[in-house]
Amino acid sequence: MSEITLLIAFYSRAGMNYVGGNIVDLPVGNTEVAAGMIRDLTKGELFKIETVKPYPASYQETTEVAKAELREGARPALAGHVADMAQYDVVCLGYPNWWGTMPMAVFTFLESYDFSGKNIAPFCTHEGSGMGHSELDIKKLCPGADVQKGLPLRGGSVRGASGSLADWLKKLGLVA
């Protein structure tokens, strides 16, 4: 059996975030914490999806920008690019739930590559809204990919989510 090559691509926002009903300052965003746990469990490669233009430091301002981007169908420019997407069989795709779906930067990322024949396994951090309609959005953006059942993780509890992540990765066949 050949070895599965795994990319863990994620968008995450450090700084002021909504967690458990409060605005808190996170030194590392919740989705990045989860992505690091996946890397530790799978030895996959990490790729952080970052925008050229940073979002405002204020949580409230960021939510307004995110809402406007969604309404306009914006595709923010990305700061980096995966050098050889063709080498990966599986992409674990992580993001926070913004307004019921992924940040628009993740839309930009998905439209930047051909995911035909690849498995996409989404994981999403949230504070009560789960995956929203992000899985459907991924299927629309990547019609040639096999989009797996996603894993919603409550952002405020992500540091204790290693068991849930391990169980999900086992179901996907990415860990023994």
Side-chain angles (χ1 to χ4, degrees), residues 4-15 17-20 24 26-51 55 62 66 70 76 78 80 82 85 87-113 115 117-176:
I4 294 172
T5 54
L6 172 67
L7 178 67
I8 306 152
F10 67 95
Y11 177 85
S12 191
R13 184 175 182 276
N17 278 278
Y18 181 80
V19 177
V24 298
L26 299 176
V28 177
N30 290 324
T31 308
E32 186 167 358
V33 170
M37 291 175 166
I38 293 170
R39 183 210 46 232
D40 292 345
L41 290 164
T42 64
K43 307 303 180 226
E45 288 186 44
L46 287 176
F47 177 80
K48 187 171 186 178
I49 301 167
E50 297 181 280
T51 55
Y55 286 93
T62 293
L70 178 62
L78 302 182
V82 176
M85 184 62 80
Q87 72 177 307
Y88 300 104
D89 303 307
V90 178
V91 177
C92 283
L93 180 67
Y95 47 86
N97 183 325
W98 282 9
W99 298 107
T101 191
M102 311 165 284
M104 298 314 287
V106 180
F107 281 71
T108 304
F109 174 80
L110 291 173
E111 291 174 344
S112 298
Y113 305 95
F115 289 94
K118 296 189 185 304
N119 285 307
I120 299 175
F123 62 100
C124 172
T125 56
H126 67 93
E127 285 301 319
S129 49
M131 299 294 293
H133 52 82
S134 63
E135 290 163 301
L136 292 172
D137 291 337
I138 295 167
K139 288 176 183 177
K140 286 179 194 168
L141 292 165
C142 305
D146 186 3
V147 180
Q148 305 298 311
K149 176 80 177 122
L151 179 67
L153 299 165
R154 191 169 286 273
S157 304
V158 77
R159 283 168 177 72
S162 59
S164 297
L165 284 163
D167 290 345
W168 178 67
L169 294 166
K170 283 177 190 167
K171 286 179 188 167
L172 295 171
L174 297 175
V175 296

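In this chain, numbering begins with 1 at the start of the sequence shown.
- Here the closest non-hydrogen pair linking Val147 and Glu135 is CG1-O, 4.4 Å.
- Scanning for salt bridge (charged side-chain N to carboxylate O under 4.0 Å, His left out) contacts around Glu50 gives an empty result, with sequence neighbours left out.
- Minimum interatomic distance between Phe10 and Ala35 (heavy atoms only, all atoms of both residues): CD2-CB, 3.6 Å.
- Residue pairs meeting the side-chain hydrogen bond (donor to acceptor under 3.5 Å, both in side chains) criterion with at least one member in residues 142-154, sequence neighbours excluded, are Asn119-Gln148, Asp146-Gln148.
- Val33 is not listed as a side-chain neighbour of Leu26, based on a closest heavy-atom distance of 4.5 Å or more.
- Looking at Thr51 and Met104, their side chains never come closer than 4.5 Å, going by heavy atoms from C-beta outward.
- Shown here are the ring-ring contact (aromatic ring centres under 6.0 Å, His included) partners of Phe107, two or more places apart in sequence or in another chain: there are none.
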Dump the intermediate steps for side-chain contact (heavy atoms from CB on, under 4.5 Å) on Phe123 and Ile8, then the final yes or no. CA-CA 10 Å; Phe123 62 100; Ile8 306 152; 4.3 Å; yes

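- In this structure a side-chain-to-backbone donor-acceptor pair under 3.5 Å is present from Tyr113 to Val82.
- Under a 3.5 Å cut-off, the side chain of Glu127 and the backbone N or O of Val19 do not form any donor-acceptor pair.
- Checking side-chain atoms of Thr125 against main-chain N and O of Leu153 turns up no donor-acceptor pair under 3.5 Å.
- Of the possible donor and acceptor atoms, one in the side chain of Thr5 sits under 3.5 Å from a partner among the backbone N and O of Gln87.
- Scored by the salt bridge (charged side-chain N to carboxylate O under 4.0 Å, His left out) test, Lys48 finds Glu32 as partners (sequence neighbours excluded).
- Applying the side-chain hydrogen bond (donor to acceptor under 3.5 Å, both in side chains) rule to pairs touching residues 94-104 yields Tyr95-Ser134, Asn97-Ser129, Thr101-Asp137, sequence neighbours excluded.
- Looking at heavy atoms from C-beta onward, Phe109 lies out of side-chain contact with Leu141 at the 4.5 angstrom threshold.
- Across all their heavy atoms, Ile120 and Ala145 have their closest contact at CD1-CB, 3.8 Å.
- In this structure, Ala14 and Pro27 approach most closely via the heavy-atom pair CB-O, 3.6 Å.
- Annotation: side chain of Arg13 is not in contact with side chain of Pro96 (no heavy-atom distance under 4.5 Å).
- Residues Leu165 and Ala34 share a closest heavy-atom pair of CD1-O, 4.0 Å.
- Gly94 and Thr31 get closest at one heavy-atom pair: C-CG2, 3.5 Å.
- Applying the side-chain hydrogen bond (donor to acceptor under 3.5 Å, both in side chains) test to residues at least two apart or on different chains, none of the pairs has a partner in residues 161-171.
- Between the side chain of Lys118 and the backbone N or O of Tyr88 there is at least one donor-acceptor pair closer than 3.5 Å.
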